Amino acid sequence: MPLVDKSATVGGGAPSRLVVMRGVVVSGLGNIISRVIEMGVAVLLLRWLTIFEFGVYHLVISAYNFGTSFFLVGAQDVVVSEVTKNLTHDFKAARRIFSTYVIFVASVGILLWAIFFFGSGLVAHWFPSGAYYIKIVSFLFLLSPFETAYRLKFQIFLDFFWINLFRAFRDITMLIAISSLWFLMVFGAPEAVWAFLLATAIPIFLTWGWYNRRGLFTVPRLSEVVPTFRGIFFRYGKWAWIYTLVENMAKNFRPLLIRTFVGTEAVALISLSQSLNAYLASLFPIKEIFLPVFPRSTDDLQGLAFKAKKAVKYSIITFAFLAVLGALAAPVLVYLIFPKYVPALPFFFISLTVFRLNGFRSVISPLFVALRTQLFSFYISLLRIVTLFVAGTGLMYFFGIWGAAWEIVATNIVITVAAVLFLKKALPEWRFSFRSLFRVDSYDRKIFADLKNRIKNKLLSLRFQKEQRA
């Protein structure tokens, strides 16, 4: 087997290793920029809203997020994977899959808009001003099919720049909308909700005007919609959206368990440590990079196994580097901005001991989608809940908040071991040795050389542009 997968090209163009490199660089920088802007938005909301208004704002946005769960977003990974597989050899099938899901989102969106808009008066009994907020947020459901269609196209066509630009449009629009509404009128919770609506709508219109890609949407015949719908939601995508629901259950169960055995303050401390972990992981969004790349190699399992091996290696190394970065930066950040959360730092350091395992699982998830073995992801989610309950109950009962921190470590180890076993079953050709983390082969040297040349060329280009302006 050759060390370099020469056939691994994307759409007959650049080799997949270059696509991944571009995706890592663009997505990493984009996430950093978005996080900075999001922090600015959070500061403005916290400064200009009262505690009660801030609670109302989050309550309304939570109602919208609850409604979006009916879009069965877990099936989106399947749509990206299946459309990607058919893009080059069966474009009609690719359009049919894409269009069927978008039509489903549009249908559910219209239904949710009607329920929220015309049923908003029902909340007035326990939340007098809630009807007004619910009517505003209802229009977000009408925007959802357009936002979903663009996000799916960005992933399918490997437009990593547009993935991040769309997010930047949203964050910058939110920042401008909040500032403008504050300047023009008294700023409160209603204005915050309107700003959120504008931050959703304006990026869609900007993208519609500037984004030029081959159209994927078409109106399929009813005879085509039914079997395609079954394929997305009940054949290949069944376990994907069920897996997403189970994952959400696990995320919401841990705080309840901590509050039951330790207390409310412990929930805040553990939640901050987990938020810092999530922020670090977002700097290397490996899942969204490999999700459209792996399906292109499913016809060559040896090649796919080789790519997965290298992806795991680079992800673990990168996440280990991010863990070191987090260990150095987090204390400074917390001491300067959130001093009352300094007691959360020890729990953050404990969670960093298994942080690099997130890199491994970030590669495994899109692999299961590409191989149509999302059932394994569902099993892992069930195992996560069981481990969380069993280990969490015992550790928190005997060790309190320290037990809550070590439960996170135990759960990460258990589900990572399970992921390895399931991956070997789904892709028997895959082999991995931890010694490879410390060994550089010809493929690695090629990757480093490509990256070095791209950075060098970019710097020379910037220097040339600067000289031209001078």
Side-chain angles (χ1 to χ4, degrees), residues 34 37-38 40-76 101-152 166-182 184-208 241 244-245 248 251-252:
S34 291
I37 301 173
E38 286 173 2
V41 170
V43 169
L44 293 183
L45 289 175
L46 289 170
R47 287 180 63 88
W48 292 345
L49 294 179
T50 65
I51 295 177
F52 175 78
E53 289 173 332
F54 192 68
V56 170
Y57 170 76
H58 270 283
L59 185 63
V60 174
I61 301 305
S62 295
Y64 165 69
N65 290 332
F66 173 77
T68 59
S69 63
F70 293 98
F71 293 138
L72 306 182
V73 293
Q76 291 184 11
Y101 182 73
V102 172
I103 290 172
F104 167 77
V105 173
S107 302
V108 175
I110 293 172
L111 178 62
L112 289 171
W113 168 80
I115 293 173
F116 273 60
F117 187 84
F118 295 107
S120 57
L122 298 176
V123 303
H125 299 290
W126 61 275
F127 185 26
S129 60
Y132 174 70
Y133 294 109
I134 294 299
K135 284 186 176 181
I136 298 175
V137 84
S138 68
F139 290 98
L140 289 168
F141 295 114
L142 298 180
L143 298 171
S144 292
F146 302 100
E147 183 179 25
T148 299
Y150 279 126
R151 290 184 181 278
L152 289 175
F166 191 84
R167 187 185 302 129
F169 281 159
R170 179 201 63 198
D171 297 334
I172 293 173
T173 302
M174 185 72 175
L175 194 63
I176 294 175
I178 291 173
S179 302
S180 300
L181 291 172
W182 175 82
L184 294 173
M185 60 189 71
V186 177
F187 190 83
E191 290 73 28
V193 177
W194 276 111
F196 188 84
L197 178 62
L198 291 173
T200 304
I202 291 178
I204 294 174
F205 289 107
L206 292 176
T207 304
W208 174 75
W241 60 266
T244 304
L245 292 177
N248 289 335
K251 290 179 182 178
N252 295 322

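Along the sequence shown, residues are numbered consecutively beginning with 1. Not measured: the values here are computed from a predicted model. The figures here come from the full heavy-atom set of this structure, side chains too, leaving out hydrogens, waters and symmetry mates.
- Under the ring-ring contact (aromatic ring centres under 6.0 Å, His included) test applied with F141, the options F117, W113, F116 reduce to a single match, F116.
- Across every non-hydrogen atom of I204 and L143, the tightest pair is CD1-O, 3.7 Å.
- When side chains are defined from C-beta on, T148 counts as touching Y101, because their heavy atoms get closer than 4.5 Å.
- Interatomic distance, I202 CD1 to I176 CD1, rounded to the nearest 0.5 Å: 8.0 Å.
- Atoms OH and OG, on Y64 and S138 in that order, are 11.5 Å from each other to the nearest 0.5 Å.
- Atom CD1 in I178 sits 4.0 Å away from atom CE in M174 (nearest 0.5 Å).
- The aromatic ring centroids of W208 and F146 lie 6.0 Å or more from each other.
- Here the straight-line distance linking atom OG1 of T173 with atom CD1 of I37 works out to 9.5 Å at 0.5 Å rounding.
- Between atom CG of residue L112 and atom OG of residue S107 there is a gap of 11.0 Å, rounded to the nearest 0.5 Å.
- The salt bridge (charged side-chain N to carboxylate O under 4.0 Å, His left out) test applied to E147 returns R151, not counting sequence neighbours.
- Rounded to the nearest 0.5 Å, atoms CG (L206) and CD1 (I172) are 10.0 Å apart.
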Please list every donor-acceptor pair under 3.5 Å in which a side-chain atom of residues 189-198 meets a protein atom from a residue at least two apart or in another chain.
unit_1, atom_1, unit_2, atom_2, d
E191, OE1, G188, N, 2.8
W194, NE1, Y132, OH, 3.1

